[in-house]
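Chain naming here is simple, since letters A, B, ... match the order of the sequence lines and numbering starts at 1 in each. Values below: every heavy atom of this structure, side chains too, minus hydrogens, waters and symmetry copies.
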Protein chains: 2
Amino acid sequence: MDSGVAMNNLYGTLNELLVKLFNDILQIEEQALKCDEFQDLSISEIHVLEAIGLEGSRNMSSVARDLNITIGTLTIAINNLLRKGYVMRQRSEEDRRIVLISLTDKGQEAFQHHADFHDEMINTTISRLSEEEKKVLVSALENISNYFKDKYNLKRSKAKTEKTN
Amino acid sequence: MDSGVAMNNLYGTLNELLVKLFNDILQIEEQALKCDEFQDLSISEIHVLEAIGLEGSRNMSSVARDLNITIGTLTIAINNLLRKGYVMRQRSEEDRRIVLISLTDKGQEAFQHHADFHDEMINTTISRLSEEEKKVLVSALENISNYFKDKYNLKRSKAKTEKTN
DNA sequence: GATATTATTTTGAGAATCAAACTATTGGAT
DNA sequence: ATCCAATAGTTTGATTCTCAAAATAATATC
């Protein structure tokens, strides 16, 4: 609520920092993407590539579920990624209703590029923190995460290996 | 999810936590919004209300800059918020080119509702940390934030020290 | 074989966004 | 004073992301 009590500026500081970091990361992800050879990919599209993953083919439904978008939305995204040469689409032989999608070589490169960005961001962050800071940071983030999970019952995207088919 | 956090696997833990938190926060913000009386507000629109703020009027340019959107985009958002009764719009008397926008009572209530969500999130996090840990967390986040700001030259949205309430 | 179920695509619509063209106002320079 | 450049916003046209609902196609069930 309105937290009228004392409220040393720790609260304000922390709130500001988190909001700032959140905005920053969104911007950075966007920026890190656009600067390179994969300029024709949007953030959403990168997330689709991420969800498809490097290992083999996945069907539309499971990928859409992981991304928390409808299959219709995914169909459109895949159409575009297909046109740009990042993914392949083929029908399953066993069950011809099912559409299997997978990354092309180009798609795998884009995937890797994005993964590298994540790596660098995390590694650089870690390297700048003391051992104690690392512990506290992880513990604080776990706290927030658990609090969220309890309080709102979230649909978590891809928590498991998702081979239930 | 192990809370033991072997430090050698810190990278994976942190990466996972961040990705998870990101998805969560987006979903929760949406959800926390929709559940209540302000169902006709989107996340983007709430962010506009946030940027306008409780204190007096602001002009279009500065709000757009804070939100990292074009003035044209903001014009459209303001048109809708006006129609729904969340904001007021009037031209400045001193310089009639300038349009001043501010929150109506209803807009202020929506602002506060969103601020409460933030409050609760932060307070819950803080309350589980010791004094020492609080300091460490702030310092760690500041460290990361500054690194980002330096490395990518980010357009920062409103870093003003404002108190919620 | 008829019907129900499943997997996906298509269609129609609505936000959010941008760039570029346009309007209105102000501030200088002559 | 008048004309021109700069500034502040709005409008327009287009694109992307999204959903819900209708349509299509394949499989499963009875």
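Partners of B:T75 according to the side chain to side chain contact (heavy atoms under 4.5 Å, CB included) rule, which considers only residues two or more places apart in sequence or in another chain, are B:M60, B:I71, B:N79, B:R89. Take B:A140 and apply the side chain to side chain contact (heavy atoms under 4.5 Å, CB included) test, not counting sequence neighbours, and it matches A:L129, A:E133. B:H118 meets the ring pair (Phe, Tyr, Trp, His ring centres under 6.0 Å) test with B:H114; sequence neighbours excluded. The side chain to side chain contact (heavy atoms under 4.5 Å, CB included) test applied to A:R97 returns A:D95, not counting sequence neighbours. Under the rule for a salt bridge (Lys or Arg N to Asp or Glu O under 4.0 Å), the partners of A:E45 that lie at least two apart in sequence or sit in another chain are A:K84. The side-chain hydrogen bond (donor to acceptor under 3.5 Å, both in side chains) check on B:S57 picks up nothing, with sequence neighbours excluded. Applying the side chain to side chain contact (heavy atoms under 4.5 Å, CB included) rule to B:E132 yields the partners A:E132, B:S130, B:K135, B:V136; only residues at least two apart in sequence or on another chain are considered.
Closest contact between the side chain of A:M60 and the listed nucleotides C:dT10, C:dT25, C:dT8 involves C:dT8.
Of the possible donor and acceptor atoms, one in the side chain of B:R91 sits under 3.5 Å from a partner among the backbone N and O of B:R96. One N or O on the side chain of A:T104 and one on the backbone of A:Y86 form a donor-acceptor pair closer than 3.5 Å. Although no hydrogens or angles enter the test, the distance criterion places a donor-acceptor pair under 3.5 Å between the side chain of A:T124 and the main chain of A:E120. Judged by distance alone, with hydrogens and angles left aside, the side-chain atoms of A:R83 form no donor-acceptor pair with the main-chain N or O of A:I78 at under 3.5 Å.
Distance CG (B:D40) to P (C:dG14): 17 Å, rounded to an integer number of Å. In this structure, A:I78 places its CD1 atom 17 Å from P of C:dA7, rounding to the nearest Å. With rounding to whole Å, A:I98 atom CD1 is found 6 Å from C:dT8 atom P. Atom-to-atom, CG of A:N59 to C1' of C:dT6 comes out at 11 Å; the value is rounded to the nearest Å. Taking atom CG of A:D95 as the reference point, atom C1' of C:dA7 lies 8 Å away to the nearest angstrom.
Within the structure, the salt bridge (charged side-chain N to carboxylate O under 4.0 Å, His left out) test picks out no pair touching residues 70-80 of chain A (sequence neighbours left out).
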Protein and nucleotides 15-18 of chain C: nitrogen or oxygen contacts under 3.5 angstrom:
residue	atom	partner	partner atom	Å
C:dA16	OP1	B:S42	OG	2.3
C:dC18	OP2	B:T70	N	3.0
C:dC18	OP2	B:T70	OG1	3.2
C:dC18	OP2	B:T73	OG1	2.7

Protein and nucleotides 1-5 of chain C: nitrogen or oxygen contacts under 3.5 angstrom:
none

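The two atoms that bring A:H47 and A:L67 nearest to each other are O-CD2, 3.5 Å, heavy atoms only.
A heavy-atom distance below 4.0 Å to DNA chain C is reached by none of the residues of residues 81-91 of chain B.
Once you apply a 4.0 Å limit to the heavy atoms of chain B, the touched nucleotides of DNA chain D run 5' to 3' over D:dA6 to D:dT11.
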